[in-house]
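For reference, the structure is listed below as structure tokens.
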Amino acid sequence: MRTTEGESRAWLLTEVEAYDSELDLACHASKGRTTRTEVLYRAGGVWYVYLCYGIHEMLNLVTGPVGHPAAVLIRGVAGINGPGRLTKRLEIDRALNGKPAAPASGLFLADVGLVVSPRRIVATPRIGVDYAGPVWARKKWRFYFEPSAAELPGAR
DNA sequence: CCATCGATCGGCT
DNA sequence: GCCGATCGATGGT
């Protein structure tokens, strides 16, 4: 959910990708603590937004305890597929980097009570991380599900 | 300082 | 299926 100039909008989160620890060669923290990755080492609950390919803003939620770099890349919501398209449509950029995932920052998560059976959730290798080598590139840490019309925001 | 490359996307062959 | 766009973080000279 997001608030922009008083306007509130809601999206159903449908696709994410996990990045965990310095051991994960696909995780930016695999290169250690740097100016860019510092946010990943904070306590979970803050946004990590960076520029990819010089064009796309990537939105991630930091998820680990203090000192343990881990994050979830927000890859898609109902109606918007692709992490780059998502940030463009939601007008999200690096200004949000390091900000809390709370109403004060304008972008936060809300539990709407939707229960998704595990059998509906598909797990696949992460996208675009072949450079991480076979072990890490093959881990099935991308997850998504296809929401039904009745599950979309605003449906009744 | 300079070179490399990327958690992508849209357009074209 | 391939390729270029576009730029900041990173690492080496």
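In what follows, every chain begins at residue 1, and chains take the letters A, B, ... in the order their sequences are listed.
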Atom-pair distance ([atom1] on [X]; [atom2] on [N]), nearest Å:
X	N	atom1	atom2	value
A/Arg89	B/dC9	CZ	C1'	15 Å
A/Met58	B/dC9	CE	C1'	9 Å
A/Glu57	B/dC9	CD	P	13 Å
A/Arg126	B/dG6	CZ	C1'	15 Å
A/Asn60	B/dT8	CG	C1'	14 Å
A/Leu86	B/dA7	CG	C1'	14 Å
A/Trp47	B/dA7	CH2	C1'	16 Å
A/Tyr131	B/dT4	OH	C1'	14 Å

(request) Would you give a per-nucleotide map of nucleotides 6-13 of chain C, 5' to 3', where B means the base has a protein non-hydrogen atom under 4.0 Å away, S means only the sugar-phosphate does, and - means neither? (result) BBSSSS--
Donor-acceptor under 3.5 Å ([X] side chain, [Y] main chain):
X	Y	answer
A/Arg85	A/Asn81	yes
A/Thr124	A/Lys140	no
A/Thr37	A/Leu40	no
A/Asn97	A/Val49	yes

(message) As a test of your reading of the structure, name each stem of DNA chain C as range with range, where a stem is three or more consecutive Watson-Crick or G-U pairs at under 3.5 Å.
(response)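 DNA chain C stems, ordered by first number: B:1-6 with C:7-12, B:8-12 with C:1-5.
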Lys/Arg-Asp/Glu bridge criterion (N-O < 4.0 Å) met for [X], [Y]:
X	Y	result
A/Lys139	A/Glu17	no
A/Arg142	A/Glu15	yes
A/Arg33	A/Glu38	no

(message) Please give the distance between the C1' atoms of C/dC3 and B/dC5 as a whole number of Å.
(response)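 Here C/dC3 and B/dC5 have their C1' atoms 16 Å from each other.
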(message) Could you tell me how far B/dG10 sits from C/dG8 if I compare only their C1' atoms? Round to whole Å.
(response)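 These two C1' atoms come out 22 Å apart once rounded.
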(request) Mind checking A/Ile127 for me? I need base, sugar-phosphate or nothing, with any heavy atom below 4.0 Å counting as a touch. (result)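 The answer is sugar-phosphate, as A/Ile127 gets under 4.0 Å only of primed atoms, P, OP1 or OP2.
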(request) Could you please name the option among B/dA7, B/dT8, B/dC9 that lies closest to any side-chain atom of A/Arg85? (result)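 For the A/Arg85 side chain, the nearest candidate turns out to be B/dC9.
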(message) Does any part of the side chain of A/Ile92, heavy atoms only, come nearer than 4.5 Å to the side chain of A/Leu107, both counted from C-beta?
(response)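 Yes. Closest side-chain heavy atoms under 4.5 Å.
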(message) So A/Leu90 and A/Trp11, do their side chains get closer than 4.5 Å, heavy atoms only?
(response)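 A/Trp11 vs A/Leu90: side chains touch.
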(message) Check this one for me: any side-chain N or O of A/Tyr48 less than 4.0 Å away from OP1 or OP2 of B/dA7?
(response)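 Checking A/Tyr48 against B/dA7: no side-chain N or O falls below 4.0 Å of OP1 or OP2.
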